Amino acid sequence: MSLFGALTSGVSGLSAQSSAMGTIADNITNVNTVGYKGTTVDFQTLVTRQGSQTRYSAGGVQASAQGNVNVQGLLQSSSSTTDLALSGNGFFLVNRSSEPTATDPYLFTRAGSFSTDAEGFLRNGAGYYLQGWPTNSLGEVVLPNGSAASMTNQNIISNDFLETINLNRFSGTAAATTKVSLSANLPAAEENGSSRGIDVQLFDSLGNALGTRFTFTKQAANAWDLSVEPPAGTAVASLLNADGEIYRSAGQLEFTAQPMDGASVSINGNTYTFASSGGGAGTVTIGQTLAETVANLVAAVSSTDADFGSAAGAHQVDLKGSDKTTVVFTAGAGTGLGDITIDATSLSADSTGTPATQQGLLTTPSFTIAQPQTSDSGLVFGSKGLPQSFGAASLRIVGFTNGAADMDGTAASTISLNFGQADRADGITQFGTEFATNLIERDGTRYGGYSGVSVAKDGLVYALFDNGERRPVFKMPVATFVNPAGLQAVAGNSYAVTEESGGPSLREADSGVAGSIIQSSLESSTVDIGDEFSRMIVVQRAYSAATKIISTADEMLEELVRIKR
């Protein structure tokens, strides 16, 4: 009967408008929820099949809620470095557990209000933990610790490839020096044999500061020699040309205690024995002070070994500047000399075998100072004071007594040297009578503690340290869907996969269809409160109208019942 149809149609109107009012209520109450996506209601007719063309049977209306998951919210700046927002398509990958297992489902969210928990894991306000790919120091994706996988796979969502981002496991870092740039003016009027030096601070692989000195010695007009001192706590420093050949090499023995009576050291194949008195060739008298003993060693080497002397091309042995307890050996380029070998294994300070030198602390306290393999000058200038060629292109340092990696191109990189470009005044020049150091640049840093985090637009997470270094530690994937509107909303402003949404595709942020990640920003709710209030008025009127349908149909039915009376 049409009256009953009208009555049920009005009831369906009440139900549909109630659903619409429910979505409006949810939208308004989540107007300040980070990453919230507003829900709208679509109305569709319920049609009853008509049995007669002269009579109409009412159907009604049905409400269908639609989540606007793929609508971009406005980005608002934040003071927190762990607040993240997505600009464009995609979702953050999260999990309820900080250490997900196979039974912990992965979810997806746009709510990027993350902060560290007590254990350092990044967790948003709903309690979901942010997932990412671990990386090495080059930013390349690697497998998590304990992974059962044999190789990385950025398409699979599993704890074999992903892990919860943790910012508490980075205690500190240091970086070894890999390049040095010098800009200075050498005086053109300098006499042959005169020297000028530039002190440079370097850093080893453990973050320890090393002091060394580059010395420029004039050989002839427009030609300068270059030498370098081994830093304290190292055995040998060598300058190499662009072809990797030895240009200049120097080693040292740093005495820290008086050698015991009978201790010995082998230098260039000759054994020198320390004695408190007496002795002949090859005997070093132990002096009243350590400086006196070291001076006696220098004198003994000079007088005993003909390879050491003042002649051009001879090996050199001398004290290290103002340090009266360190002996420096420089390999000469003379014909038939060969390399200098030094073995301090038997150079002890007491009967227990305590080393008398820093170099005695090496695992193998012996080293070789290589003879030069080229006779080129260190620096050659043209008639206009600009450099024409450079004899040294890199610095190799080996024999670190503190356990740092040798800078020999294997465990750690050699140090590249930049003195400028040929025929350009952008490095070392030769003008006038003044010596001036204009610029000393080098990379590398001492140890620095963890100080914060930085997130790039491509999702690469960097740990920041107070020495100015930064290290890539994670890369955040962005999950995209063919039909994001088909995702199922779950508590905590997150979403789960459904058949309608299709499976997720993990992508690198800021590439292809994946959006970029913006640090110190939050995506605001997509709700427009003015629009919601307008919709509320319309829904209220429609609801009232539906009640009128019911009340009017009821009155008509009452009139119908009265006919029987």
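Computed from a prediction, not measured in an experiment: that's the story for all the values here.
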Could you check if a side-chain atom of [X] sits within less than 4.5 angstrom of a side-chain atom of [Y], using non-hydrogen atoms only?
X	Y	answer
Leu347	Phe255	yes
Glu140	Thr135	no
Lys179	Arg442	no
Val180	Leu395	no

Does Arg470 count as lying over the ring of Tyr462, i.e. NZ or CZ under 6.0 Å from the six-ring centre, within 45 degrees of the axis?
->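 Satisfied, under 6.0 Å and within 45°.
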Salt bridge flag under 4.0 Å for residues Glu523 and Lys37 |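 Judged by the 4.0 Å cut-off on N to carboxylate O distance, Glu523 and Lys37 do form a salt bridge.
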Is the closest basic N to carboxylate O distance between Arg396 and Glu245 below 4.0 Å?
->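 Result for this pair is no, no salt bridge flagged.
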Polar contact flag, side-chain donor to acceptor under 3.5 angstrom, Thr173-Arg471 =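 There is such a pair (donor and acceptor under 3.5 Å, judged by atom type) between the side chains of Thr173 and Arg471.
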Go through the side-chain N and O atoms of Asn483 and Ser501 and say whether any donor and acceptor fall under 3.5 Å apart.
->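 Not at all, the side chains of Asn483 and Ser501 share no donor-acceptor pair under 3.5 Å.
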Answer with yes or no after comparing the ring centroid distance for Phe108 and Phe481 against a 6.0 Å cut-off, counting only values under it.
->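 When the ring centroids of Phe108 and Phe481 are compared, they turn out to be within the sub-6.0 Å range.
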Are the aromatic rings of Phe170 and Phe465 close, with centres under 6.0 Å apart?
->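 Centroid separation for Phe170 and Phe465: 6.0 Å or greater.
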Do side-chain atoms of Thr480 reach the backbone of Ala514 as a donor and acceptor pair under 3.5 angstrom?
->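 Absent.
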Short side-chain to backbone donor-acceptor contact, Thr414 and Gly409, under 3.5 Å |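 No; zero donor-acceptor contacts below 3.5 Å.
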